[in-house]
Each structure stands twice: as C-alpha cells, then as structure tokens.
Amino acid sequence: KTGSTNPAKFQYGIETTTELEIKGSVDINPNNSFKEFSTLDFFDLFGVTKAQMQAGATHSYTASNFGAPVDGITWVEVPSGETLNVSGNLSGSGVLVINGNTRFSGNVVFDGIIYVIGTLTMTGNVTTTGSVLAESSTTVDTTITGNVTINYDTSEITAALGPVAPLNKQIVSWKSD
C-alpha cells in the first residue's frame, strides 16, 4: 500500500492527539501554530506505513543506543513502558520517528519532522524548525516546558520528506526481454 508525500499535510508547528500543556518560556511560531486533540494518520501524512518507514530508515536505533547521526529518516524503537530520554546535546535533520514515549530535556536543535508515537515531553533548551507531531493513545498530555522554540517551516518539512518519497514508489508492471 503506497501513497504520496505532501508537505501541505503538515500544517502546524506542533500537533498532538492529546491536550497540549504549555508552561514556561515556550515560543510556537507563528503564533497559534499548534493543534491539540487532532487525529493523526501516519499513512496519510507520509504516504507510507510505519513498517515501510522503519524498513526504509537511513538510521535505526533503540532507546539504549540512540545517538548521532540523526538525518535522512531516523527510526527509534522504545520498549513499551520505557521512555527515550534525550538529555544531552542533539543536532539533527530529516524525519525522526520515535516509536515510544519520549522526553527531550537537553540542548536539542532539529530541522525537519519529529513524529512521536507515544507521550511527548519537551523541556530544557529545544529548538525545532519544521513540524512536531505526537500520536498518543493515552490520556497523558503532551507537555512543553522550559526554553522551547518550535518554528513551523514548510521548506524544512519539504526537505525532510525528500528521503520518504522513494519509499512510496511501487513497481506495478515489469517486462523482461
């Protein structure tokens, strides 16, 4: 099953399926570039299934070995009941998919799309340019505190989707001589 990548489907700096709790010195640009209680559909957004994205990832990590590089398509698998704690310095770009609960609490600079399948907490010094999405089936809120800046940017979203586009191509016919 394949679809197409369309940057216009990413419409907010941050979008979450739960309540968005904002505390502290948080900038979301442009103002009001957020949506809570959204219905996120991974396939509709990316044009590929989660399995296709994971299989086509440039980098695959687990919670215990997550680190640099983070570019192209990066997939992180977090065991159920655990949380990926990004507490040091992280600089990256592209599409970062984290399958599990996530807490960013260090110095983080990321350009592109962050997609968390689980609860999301951002604190510390976090700057993202592009779009952040949190797909959570729990009633736990998405929490943004500390010195966090989220800049919605369609050019960074478009650039991030570049490596995803080839994943949604499918051979429908083949002729051999």
Side-chain angles (χ1 to χ4, degrees), residues 5 7 10 12-18 20 24-28 40 42 45-138 140-153 155-168:
T5 55
F10 297 84
Y12 302 95
I14 184 164
E15 187 170 0
T16 178
T17 58
T18 61
L20 180 60
S25 177
V26 175
D27 275 331
I28 301 175
L40 295 176
F42 191 92
L45 289 166
F46 291 103
V48 295
T49 65
K50 292 173 185 171
Q52 287 171 308
M53 182 77 82
Q54 183 178 15
T58 312
H59 310 285
S60 292
Y61 299 107
T62 63
S64 61
N65 73 358
F66 177 66
V70 178
D71 58 17
I73 300 169
T74 303
W75 185 279
V76 183
E77 196 66 34
V78 181
S80 180
E82 293 185 22
T83 298
L84 173 66
N85 288 300
V86 182
S87 57
N89 295 326
L90 174 69
S91 180
S93 63
V95 176
L96 172 59
V97 179
I98 303 170
N99 188 17
N101 299 331
T102 307
R103 178 180 180 82
F104 291 102
S105 62
N107 294 308
V108 177
V109 177
F110 190 86
D111 297 329
I113 301 166
I114 297 174
Y115 194 99
V116 175
I117 307 163
T119 61
L120 171 64
T121 301
M122 287 183 161
T123 186
N125 296 306
V126 179
T127 302
T128 67
T129 304
S131 188
V132 178
L133 302 103
E135 174 191 324
S136 180
S137 60
T138 66
V140 176
D141 299 335
T142 297
T143 305
I144 311 294
T145 64
N147 189 23
V148 176
T149 302
I150 298 172
N151 300 304
Y152 174 72
D153 187 312
S155 62
E156 290 293 345
I157 294 165
T158 301
L161 290 172
V164 178
L167 299 179
N168 65 27

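- Aromatic pair F42/Y115: ring centres closer than 6.0 Å.
- T58 places a side-chain N or O within 3.5 Å of a backbone atom of I73 that can act as its donor or acceptor partner.
- The closest side-chain heavy-atom distance from F46 to V95 is below 4.5 Å.
- Residues Y152 and I157 form a side-chain contact, since some pair of their non-hydrogen atoms from C-beta on lies under 4.5 Å apart.
- Two residues are said to be in side-chain contact when any heavy atoms from C-beta on lie closer than 4.5 Å; F104 and T102 meet this criterion.
- Here the side chains of D27 and V148 are not in contact, with every heavy-atom distance at 4.5 Å or above.
- Two residues are said to be in side-chain contact when any heavy atoms from C-beta on lie closer than 4.5 Å; N99 and V76 fail this criterion.
- Looking at heavy atoms from C-beta onward, V78 lies out of side-chain contact with N101 at the 4.5 angstrom threshold.
- Of all non-hydrogen atoms in G118 and A134, the two that sit nearest each other are O-CB, 4.5 Å.
- With hydrogens and angles ignored, the 3.5 Å screen pairs a side-chain donor or acceptor of S131 with a backbone N or O of Y12.
- A57 approaches S60 most closely through the heavy-atom pair CB-OG, 3.9 Å.
- E156 places no side-chain N or O within 3.5 Å of a backbone atom of D153 that could act as its donor or acceptor partner.
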Please evaluate residues N85 and S87 with respect to the criterion side-chain hydrogen bond (donor to acceptor under 3.5 Å, both in side chains), reporting the C-alpha separation (whole Å), side-chain torsions for both, the decisive distance (0.1 Å), and the verdict.
CA-CA 6 Å; N85 288 300; S87 57; over 6 Å; no
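- Using a 4.5 Å heavy-atom threshold, the side chains of T128 and T149 count as separate.
- Taking all atoms of both residues into account, the shortest heavy-atom contact from P163 to G72 is CG-CA, 4.0 Å.
- Each of V116, I113, V97 was evaluated against L133; a single residue qualifies, I113, per the side chain to side chain contact (heavy atoms under 4.5 Å, CB included) test.
- Judged purely by distance below 3.5 Å, without hydrogens or angles, the side chains of T18 and T142 pair a donor atom with an acceptor atom.
- Checked by atom type and distance alone, the side chain of Y61 never pairs as donor or acceptor with a backbone atom of V70 at under 3.5 Å.
- In this structure, M122 and R103 have side chains that are not in contact, with every pair of non-hydrogen atoms separated by 4.5 Å or more.
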